[in-house]
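Reviewing the structure listed below.
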Amino acid sequence: MMEKVPMTADGYNAMIDEVKHLKSVERPRIIRAIEEARAHGDLSENAEYHAAKEAQGWNEARVAELEDKISRAEVIDVSKLSGDTVKFGAKVTLIDEDTEAKVIYQIVGDTEADVKKGRISISSPIARAIIGKRKGDSVEVATPGGGKSYEIDKVAWG
């Protein structure tokens, strides 16, 4: 049985767009680069040819990886979720109990996580610690720098 890959509709659409780009823009560009490099003659010492073939390998591997994830996607419509318990798709405001600093994270699928944009993977240590908790709960998160304590200040949707 293939394991489903949970993701938001935005994450799913981003993967579809990336596959379209890789197939319709990158693949033809790489093929042209290979053809140009072949025209230069001896392929054994042709750096452009080897670079283009390597780019082709990377591009095709990325397409295969994305198509696999798309085929196993379990798209979760975050706009239809609600409640006061932290779960996939929730936007959670956390307060660091040591520094009082606030951070807001949305819990998303592994493929769409981006900490800089406030999107953390459902399999991350912070997400695993807060899943199932409610506003006012305190959680302890094991981090590479040691344990951190957070209070859940807010659980929001959409």
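The structure displayed is predicted, hence computed values, not measured ones. Computation of the quantities below employed the complete heavy-atom set of this structure, encompassing side-chain atoms and omitting hydrogens, waters and symmetry-equivalent molecules.
- To the nearest 0.5 Å, atoms NE2 (H21) and CZ (R62) are separated by 11.5 Å.
- Nearest approach of A55 to I30, heavy atoms of both residues: O-CD1, 3.6 Å.
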Side chain to side chain contact (heavy atoms under 4.5 Å, CB included) between I95 and Y150: does it pass, once the steps are laid out? CA-CA 5 Å; I95 299 174; Y150 294 100; over 6 Å; no
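- Residues E26 and R29 are paired through a salt bridge, judged by an N-O separation under 4.0 Å between the basic side chain and the carboxylate.
- Inter-residue side-chain proximity for I152 and R134 is flagged as unmet; no heavy-atom pair is nearer than 4.5 Å.
- Taking CE of M15 as the reference point, atom NZ of K20 lies at 13.0 Å (rounded to 0.5 Å).
- Separation of atoms CD (Q56) and OH (Y49) is listed at 8.0 Å; rounding is to 0.5 Å.
- Closest approach of V75 to T8, counting heavy atoms only: CG1-C, 4.1 Å.
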For V78 and K91, run side chain to side chain contact (heavy atoms under 4.5 Å, CB included): C-alpha distance rounded to whole Å, both residues' side-chain angles, the deciding distance at 0.1 Å, then the answer. CA-CA 10 Å; V78 177; K91 286 185 181 167; over 6 Å; no
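- Looking at I16 and I70, their side chains come closer than 4.5 Å, going by heavy atoms from C-beta outward.
- Between the side chain of E112 and the backbone N or O of G11 there is at least one donor-acceptor pair closer than 3.5 Å.
- Between K135 and K154, the closest side-chain pair of non-hydrogen atoms is not below 4.5 Å.
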Determine, step by step, whether I120 and Q106 satisfy the side chain to side chain contact (heavy atoms under 4.5 Å, CB included) criterion, reporting the C-alpha distance in whole Å, the side-chain angles of both residues, the deciding distance to 0.1 Å, and the verdict. CA-CA 6 Å; I120 59 171; Q106 181 179 22; over 6 Å; no
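- For S149, the side-chain hydrogen bond (donor to acceptor under 3.5 Å, both in side chains) partners at least two apart in sequence or on another chain are E140.
- The heavy-atom pair separating R72 from D68 by the smallest distance is NH2-OD2, 2.9 Å.
- In this structure, V155 and T85 have side chains that are not in contact, with every pair of non-hydrogen atoms separated by 4.5 Å or more.
- The shortest non-hydrogen separation linking P125 to A142 is CB-O, 3.9 Å.
- With sequence neighbours left out, the side-chain contact (heavy atoms from CB on, under 4.5 Å) criterion links K117 to D114, R119.
- Distance NZ/K69 to CG/D110: 8.0 Å, rounded to 0.5 Å.
- For the pair V63/K23, a side-chain contact is recorded, criterion being any heavy-atom separation below 4.5 Å from C-beta on.
- Among all heavy-atom pairs drawn from E97 and S138, the shortest one is OE2-OG, 2.6 Å.
- To the nearest 0.5 Å, the span separating CG on D137 from CG on D153 amounts to 12.0 Å.
- Atom NZ of residue K87 and atom NZ of residue K133 lie 15.0 Å apart, to the nearest 0.5 angstrom.
- Looking only at side-chain heavy atoms (C-beta outward), E151 and L94 stay at 4.5 Å or farther from each other.
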Side chain to side chain contact (heavy atoms under 4.5 Å, CB included), that's the test. Do V5 and Y12 meet it? Break it down for me. CA-CA 10 Å; V5 180; Y12 180 82; over 6 Å; no
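- Considering only residues two or more places apart in sequence or on other chains, D10 meets the salt bridge (charged side-chain N to carboxylate O under 4.0 Å, His left out) condition with none of them.
- A pairwise comparison of heavy atoms in A127 and I122 identifies CB-O, 3.7 Å as the closest pair.
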